[in-house]
Amino acid sequence: MDSIAAPATLDDPLYYLRNFETVLRWVSECHGDLLDAAERAFVDGVAALPVAPRALLTRMVMRSGELFRADKLRYPEIGPATPALTALEAVGWVRRDGDLALEELFRLYTKAELGCALAARLAAAGLDRHGRKADWLAALGEPAPAPRPLSGWDPDGHLPAAWRLTVMPVCERLRLMFFGNLHQDWREFVLTELGTFRYEPVALDAASRPYRSRADLDAWLDLHACRERFEAGEPADAVAADLPDGDTGNPWVEERRHKLRYKLARQWEREDQLERAEALYAQCQYPDARARRLRVLERRGEYRAALTLAEQAAAAPESEQERQQLARLRPRLHRKLGLPKPVVAPPPTTEAWTLTLPASGFVEGAVAAHLSRDDGPVFYVENTLLTGLFGLLCWDAVFAPLPGAFFHPFQSAPADLYQPGFRHRRRRWFDDAFAALADDRHRGPILDTWRRKFGTASPFVHWGALSEPLLTLALERLPAAHLAAYGERLLGDIKANRAGLPDLIQFTPDGGYRLIEVKGPGDRLQDNQRRWLAFFAEQGIPAAVCKVEWAGP
DNA sequence: CATGCGGGCG
DNA sequence: TTCACACCGTCTC
DNA sequence: GACGGTGTGTCTCGCCCGCATGGG
Ligand SMILES: [Mn+2]
Ligand SMILES: [Mn+2]
């Protein structure tokens, strides 16, 4: 199956067309039932086109935007653009300029060209050719002129022709079907072929695909459109009105839906629309939504309602983070309501000390340099070391070929990495990994994986930060039991616990090690850093906080 | 004309 | 374009 | 001390070219 989607060789001048055809074939074979009639007609129609228009279409799809100047579509391997464009126009996949907005006109043409074509308008606006292009656009855009065909902007025909691609929406949908997301694009094929990206080869089965139904895809695309509008600055009210509120049962779709709800509610909070924010949080399952809802109730002075919800939450906290937030919130609510102080177990204490150092830009580096000795080196590792050791030890678990986890050859992680059953579904592999730790025979396999897989994309291993000397030293010094404790906590909540680890690791001259979180003046521990430090204290894993003051002048 | 930026490309 | 972190201003006890 | 908002770097390569900009 993976051979079907392998990138084409770059020796072929039409390699990009081969790759596009690979995706079309793949979609047609594995996702044919998700296509509607028009999409099916497009996929079949591409195959029926002569090679020149087919290749030009592919070039346009893979470039950015939907608008192109004919004179910028020059490809030696395709030949003249005009006949190819004519063929594409005949099937309706491109059309001549159509209505061009002023911004589009300015994006297509250079300042010099616009100076000619728009000479009259510019003169009327009192602009000469010495101003800046952005100022021209601002001046001519006030009041906003109606979009019009190129001839409407440029009656004398100074400007070269523009063409508009009309099939971008269907191509985006195909991209989504293939990749399961829209942040990967067609360049994956080339960069993989070049060796710039390396992905772990995982056997794919025909049933593996991200979307089961057309409804899943439609919902995903709708949500994506809503999110883009929101991020473009459209008011939360308008976006919320269009936000579909169904439930597809597809975890990836639903996660996006709840995340967008969370962001909209957050925006309403900022606008002091607390009632609406609270109502939206109430139907939002994104992590932290319940904590935000509590905060909103508190801000509205609804202490009684807040306390009721807080007690519900405390009875079944959704995460350690929520437990931590509740431990701060409940005393506040009790005070407001005149209730006795609740008993809250204080977190275990972590050793802390203060260093006074000559001023320098990079606090972590300054502390590392100050503490480092020949027989006691210090590395700036933050999340990369422990997470990397875990990723190396559990490589086979992470890339286990479970149904539905991998559906194309360019995945750096299984699709269900953050889903609740992730660990359980791979317990066979994880049990092996933890057994290796229990028997203290993890070092060989970790080092071996480091050598074999170096450079291959992994959700846990950041190769640039994990040199062999660091790795060997860490393996020598870190007890297996510490690694096991770390791994268990990470697996308990991968998303929340993959960050927040201390800045430095110090390999002490006595043959041990110590993790050090550096805090410059005005910087304080983040919640996730506190949780890790509390855990390390419980587990007897050596960790400390180093506060830094800059030496006075 | 030097410089910086961003798109296109393999 | 997302995310983790640093930094800073505020409010409160 | 708690909280929230904002800014920053780094995400995915390295190279080339066209373009905009501003100073000489
Ligand atoms: Mn840090
Ligand atoms: Mn720090």
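All figures in this text were calculated on a predicted structure; none of them were measured in a lab. Every chain is numbered from 1 and lettered A, B, ... according to where its sequence line falls, protein lines coming before strand lines.
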Does [X] put a side-chain nitrogen or oxygen below 4.0 Å from OP1 or OP2 of [N]?
X	N	answer
A/Asn383	C/dC3	no
A/Thr110	D/dG18	no
A/Arg270	D/dG5	yes
A/Arg332	D/dA2	no
A/Arg295	D/dA2	no
A/Arg59	B/dG10	yes
A/Tyr75	B/dC9	yes
A/Arg63	B/dG8	yes
A/Lys519	C/dA6	yes
A/Arg524	D/dA2	no
A/Lys263	C/dT1	no
A/Gln526	C/dA4	no
A/Lys133	D/dA20	yes
A/Arg187	D/dC13	no

Q: Please name all residues satisfying ring pair (Phe, Tyr, Trp, His ring centres under 6.0 Å) with A/Phe178, sequence neighbours left out, ordered by chain then number.
A: A/Trp26, A/Phe189, A/His408
Please classify the nucleic acid contact of [X] as base, sugar-phosphate, or nothing, using heavy-atom distances under 4.0 Å.
X	value
A/Arg198	nothing
A/Tyr15	base
A/Glu193	nothing
A/Arg299	nothing
A/Gly520	nothing
A/Glu364	sugar-phosphate

Q. Where the side chain of A/Glu228 is defined as all heavy atoms beyond and including C-beta, which of C/dC5, D/dT21, C/dT1 is the nearest nucleotide?
A. C/dT1
Does either side chain, that of [X] or that of [Y], offer a donor lying less than 3.5 Å from an acceptor on the other one?
X	Y	answer
A/Arg531	A/Gln324	yes
A/Arg335	A/Tyr303	no
A/Gln267	A/Glu271	yes

Q: Return the residues of residues 66-74 of chain A meeting this criterion: a heavy atom under 4.0 Å from some atom of DNA chain D. Order them by number, or give none.
A: A/Lys72
Any Lys/Arg nitrogen of [X] or [Y] sitting under 4.0 Å from an Asp/Glu carboxylate oxygen of the other?
X	Y	answer
A/Arg489	A/Glu320	yes
A/Glu269	A/Arg295	no
A/Asp523	A/Lys519	yes
A/Lys495	A/Glu255	yes

Distance between the [atom1] atoms of [N] and [M], in whole angstroms?
N	M	atom1	answer
D/dG4	C/dC13	P	16 Å
D/dG9	B/dG6	P	15 Å
D/dT12	B/dG8	C1'	15 Å
C/dA6	D/dT10	C1'	14 Å
C/dT1	B/dG7	P	13 Å

Q | Nearest-0.5 Å distance, CG of residue A/Leu150 to CD of residue A/Glu104 | A | 11.5 Å
Q: By nearest nucleotide on DNA chain D, pick out whichever of A/Glu113 and A/His130 is the more 5' one.
A: A/Glu113
Q: If D/dT10 has a Watson-Crick or G-U wobble mate with both distances under 3.5 Å, name it; if not, just say none.
A: none
